[in-house]
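Everything below concerns the one structure shown next.
Residue numbers start from 1 in every chain, and the chains themselves are labelled A, B, ... in the order their sequence lines are given, proteins ahead of strands.
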Amino acid sequence: MTTYTPRQAEAIACLREPLQIIACAGSGKTQVISQRIASILAQPDVEPKNIIAFTFTEKAAAELRERILSILEKEDFDTLGLAEMYVGTMHGYTLDLLQRLVPETFKFSVLTEITSRMLVDRSSRKSGLTGCPTSSSGTPYLHRFLHSRLFLQAMSVLREDTVDWDQVPAGVVSAFESYTRLLYEHAYFDFTEMINLAVQLLEDGDDDQSARVVRQHVRNDVRYVVVDEYQDVNPLQERLVRGLTQFGANLCVVGDDDQTIYQWRGSEVSNIVTFKDRYPGVRQVTLGENFRSSEGVVEVGRSVAERIPEDSRLPKAMVRAGHQKWQRGDMIARAFGDEISEAAWICDRLEAMRGLAFSDTAEADPRGLSWSDFAVLFRSVANDAGPLVEEMRSRDIPYVVKGLNRLFDSPEIQAVVGVFRYMAGLISVADLRRLWDLASLLPVNAGWAEALAVLDEGRDFYRGQRWGVYNIQRLYLEFMEVLGLREETVPGDPVRRELVFYQLGKFSQAISDFEQIYFNTDPLQKYEAFAAWLEHQARRYYAESDGDVGYATPDAVVLTTVHQAKGMQWPAVFLPCLRANRFPAKRQGGLGLFHVIPEVAIGEADRYKGTLDDETRLFYVAVTRAQKYLFVSFSPGPNRLYRRRSAFFDHCAAQQWFSTRDNGVPTDAPRLEPRARVDIPSVTLSFSELKYLFECPYQFKLRFLYGFNPPIHEALGYGKGLHDALAEVHKRAITGDLTSSQEAESLVTRHLHTPYAYPELKATLHRAAVQAVQRYLREHETDLERTVHSEKQIQVHVAPGVTVDGRIDLVRRLDTDELAIVDFKSTARAQDEDVTRDQLHVYAVGYEELTGQRADLIEVLNLDEEGKTIREEVEDPLLIAVRARIKEAGDSLRENNLPRLPAWGEQCGKCDLAELCRDVPPSAKSERRAATGR
DNA sequence: TCTCTAAAGTTTTTT
DNA sequence: ACTTTAGAGA
């Protein structure tokens, strides 16, 4: 049983008035939030669906969810309905809210930073980009490609910030209008727009139909809102919080103003600083006890925070409360003459400290420090980490770098990029061959000539075929297939093979991103645009190491940025390269936000500039990551801007806790066998991921770990549209509004979105969808009123760390009064029946966990004319078996044990990626060509 | 202490 | 592509 300090207990027990928890670094914040949510749930009249908990990242959400579940399980709490408690990001919440309650948005899809930029560049006039004026004399208007990033930043700020529209130039206003119009025309949300739309609906009166439904739901169901990392909330997100609590829901915000490090992305510190003045009757609880670090680390952290002017901080004093002891020599500040000796010193230290005895908690037995207990934090990994990486490589110290290697720098990807430079006519066959030899990518018996033939056929743009035929993804996969390039044919050892395939998979992902926007473009232009995009833009966006292959965390020293280290801790932390103009960083030049939107139009515009205070907060975060050992160091950088010491370095060196000389690790210091801290990574699987994992583990690996995507199909969106139309029908049925078959046409018009179809196909699909919906409404006219749930969110916690979540299409009562779980399928080419049955049994397990009710039957209802319906009983042995299979799947995933099927099987015939895995037997070839259109 | 010129340029979540 | 900074020269 966890014991809590009086302050922590006060926060946990405070459930009535608005609560602000000011949580210093290492104060056990997540535990307190989790326990508080458990006490909310313990109240007799509260249901899980009454609770919303916001985190900033998905990772933080997963952690919080796991923590809450473990508390509830320990307290033997009834977890009925728990899937309906929302724990996640604001983006996820608003998207879910809209796509559950506002039928017009069902068909919307989400643009990423990459795809929104492509959209803006592709439609540079319609998006408002090239009509957007600036205040710089050299650049009266923004340019295509060059300024799309800046343009999108301005478009976000206009919605996320408090804007005085009278101060915004008319040209910028009309560019903004063009941009939002373009989004809605294409049924896209960017990351800001989903929150923006939800906020509009929450703030609107009840006269708009959608607003009424959304507000009604919030009024009835939302009773507790918790916001973690409140210091990073921007003004729009603050409005969302306001909107959700406007009908009296309790609000609890948690954060630390000293750890505001994303202000350049819009977070507004004043939200947290003035919270008490903006909400009535706020109870403030300060968690000042730091359980993480030694007194030396805590005191230095406090002194850094005190460099921030008092009037922009909440008053607080962090004190040490943990068991770590400070000893002279634990903290060292050293300056070096050059980068090489600084890197060498860090490596000496790492080697000398490995094996030192260390206790994670007061109770735990000490263990020897291992590689993964050390972190090196940089202000800029991309600019400063080079020399240290070099040194660690030469000494064979295991490490992982986050943010140094760009995917497109590797010779392997340059070889692949060459393929598309060849396609665009920029290089010759000989150049291409040279690139592939240089990357040593060619398999032993590579079919080079055949592969070139594939390219040349693809390059014949005047065959008069439909544009959709010139599919980049298909060409890429076919090129690899014909070349015979598979994971086991990549030259080199298995480690290299895996890495190369991971890179090739990421490239496939990049193609998908591109084709999502450029699918309907004249083929020649499309290939030219792709080559140009690869050359100029793609390289900035795709980092080689941002997804590690597999879920296992290696025992290695972590090299990362301070930003990415937020929320983490290590026994020993190094902060090297503390140079003036780098940390604190100097402001960047160039055309900036204020050339588009004048400073006076934005409240608190300073935060977009990156001030000294912001850098100080970042340094505070860096320092407080250390549990015991902290090493700050300086060496002059390669050019004259970085020759002087950082003020932060001098600050540390002046503190008594630091030694300025290294006397080495004391020879009598206790040592133990190095043993890494064991983290069991938690795995959350969606239904579709689970489906692939059951079907073929290697297919799962190719798709989700490497990132290979099948080519875009022109009819994409048909199944989703049908699905959404029926979802609306059933949701209305629950409220007693039964849809007649005359409405099929308008339902399909609202929900069917087939952006990749050529006009004739579009019309065909529309007709087919209307017929399918009519047929469904006719055949199920009388069932509609027996609809129990539509799109029911479920979640199954299979074992510690293994969760499956997904949605059940429909739950309804049959004439026989039995309860049936229904899943819709819309393609005649239905999946393997075994998998469908497994999947449905997962639904049954989830439904039982959610409602405590047992479903009697599971049904697969095919919406196609000749499609058959599968119906079968829910049986206990199957439920138990499915649970065991999920757990097994989760375990093999964590062990990265994802083998191919032993031989070509029926599933392989339906797998789009089979050729990347093994030879297709001659008997399967013709059938396959028919099925995949190749 | 002022003025001019050359040289340099970060961090990154969100389905 | 433009603003900040260091350092030279006045």
Side-chain angles (χ1 to χ4, degrees), chain A residues 54-61 88-99 105 108-116 134-139 142-143 145-147 149-150 152-153 156 160 188-196 198 229 232-234 236-237 240 260-267 377-385 402-403 513 516 540-543 546 560-567 577 579-595 607-611 614-615 617-619 621-622 636-644 686 688 805:
Chain A
F54 288 132
T55 60
F56 243 74
T57 62
E58 267 312 311
K59 196 171 141 237
T89 63
M90 294 196 187
H91 297 84
Y93 177 79
T94 50
L95 187 64
D96 187 58
L97 183 80
L98 294 167
Q99 300 202 324
T105 67
F108 275 55
S109 57
V110 180
L111 292 175
T112 62
E113 193 187 344
I114 299 168
T115 49
S116 52
T134 86
S135 60
S136 152
S137 52
T139 322
L142 295 183
H143 293 298
F145 304 120
L146 207 53
H147 297 136
R149 232 157 96 106
L150 172 62
L152 282 165
Q153 188 195 4
S156 292
E160 286 175 350
Y188 282 132
F189 284 134
D190 64 11
F191 286 128
T192 306
E193 193 52 30
M194 44 194 164
I195 300 185
N196 191 38
E229 304 285 9
D232 280 330
V233 159
N234 67 36
L236 180 66
Q237 292 166 332
L240 175 66
T260 310
I261 59 172
Y262 286 113
Q263 60 300 110
W264 44 274
R265 255 170 19 197
S267 350
L377 309 183
F378 293 89
R379 176 68 240 258
S380 163
V381 167
N383 289 291
D384 293 339
K402 303 204 166 141
D513 287 342
Q516 190 193 330
R540 324 169 53 97
Y541 285 112
Y542 297 88
D546 69 354
T560 187
T561 61
V562 182
H563 283 92
Q564 290 194 354
K566 193 181 185 188
C577 307
R579 301 163 182 157
N581 291 322
R582 165 107 307 133
F583 199 0
K586 101 179 166 56
R587 264 187 78 187
Q588 257 207 331
L591 205 62
L593 179 64
F594 299 129
H595 294 262
R607 62 195 207 281
Y608 292 106
K609 291 181 186 164
T611 62
D614 296 332
E615 295 290 311
R617 283 186 267 263
L618 190 59
F619 190 66
V621 169
N639 66 50
R640 59 176 199 170
L641 261 180
Y642 306 113
R643 283 216 289 252
R644 290 176 305 118
S686 69
S688 67
D805 56 25

Contact class for A:D190 vs. all strands (heavy atom < 4.0 Å): base, sugar-phosphate, or nothing? nothing
With a non-hydrogen cut-off below 4.0 angstrom, is A:V381 in contact with a base, only sugar-phosphate, or nothing? sugar-phosphate
When the ring planes of A:F583 and A:F619 are compared, do they come out parallel, tilted or perpendicular, using 30° and 60° as the limits? perpendicular
Give A:Y642 one of three labels, base, sugar-phosphate or nothing, depending on what nucleic acid heavy atoms sit under 4.0 Å from its own. sugar-phosphate
Taking the side chain as every heavy atom from C-beta outward, state whether A:Q237 and A:H91 have any atom pair closer than 4.5 Å. yes
Spacing of the C1' atoms in C:dT3 and B:dT10 (rounded, Å): 15 Å
Backbone N or O of A:L236 within a donor-acceptor pair of the A:E160 side chain at under 3.5 Å? no
When we call it a touch if two heavy atoms are under 4.0 Å apart, what does A:L146 touch: a base, just sugar-phosphate, or nothing? sugar-phosphate
How would you label the contact of A:Q564 with the nucleic acid (heavy atoms, under 4.0 Å): base, sugar-phosphate, or nothing? sugar-phosphate
Assign A:T112 to base, sugar-phosphate, or nothing according to its heavy-atom contacts below 4.0 angstrom with the strands shown. base
State, yes or no, whether a side-chain contact exists between A:L240 and A:V233 at a heavy-atom distance under 4.5 Å. no
A:T561 vs A:K402, test: side chain to side chain contact (heavy atoms under 4.5 Å, CB included). Steps then yes/no. CA-CA 8 Å; A:T561 61; A:K402 303 204 166 141; over 6 Å; no
On the 0 to 90° scale, with breaks at 30° and 60°, tag the A:Y262-A:H563 ring pair as parallel, tilted or perpendicular. tilted
Can any side-chain N or O of A:E229 pair as donor or acceptor with the backbone N or O of A:T55 at less than 3.5 Å? no
Within the distance-only criterion (no hydrogens, no angle test), does the side chain of A:T94 pair as donor or acceptor with the backbone N or O of A:M90 below 3.5 angstrom? yes
A:Y608 and A:Q153: side chain to side chain contact (heavy atoms under 4.5 Å, CB included), yes or no, with the steps? CA-CA 11 Å; A:Y608 292 106; A:Q153 188 195 4; 4.2 Å; yes
Can you check each nucleotide of nucleotides 2-10 of chain C against protein heavy atoms at under 4.0 Å and return B for base, S for sugar-phosphate only, - for none, in 5' to 3' order? BBSSBS---
Intra- and interstrand pairs of DNA chain C - dot-bracket, Watson-Crick/G-U under 3.5 Å, | marks other strand: .|||||||||
Does A:R379 reach the side chain of A:C577, with side-chain heavy atoms less than 4.5 Å apart? no
A:F56 vs A:K566 side-chain heavy atoms within contact, under 4.5 Å: no
Shoot me the first and last contacting nucleotide of DNA chain B against chain A, ordered 5' to 3', at under 4.0 angstrom to non-hydrogen atoms. B:dA6 to B:dT15
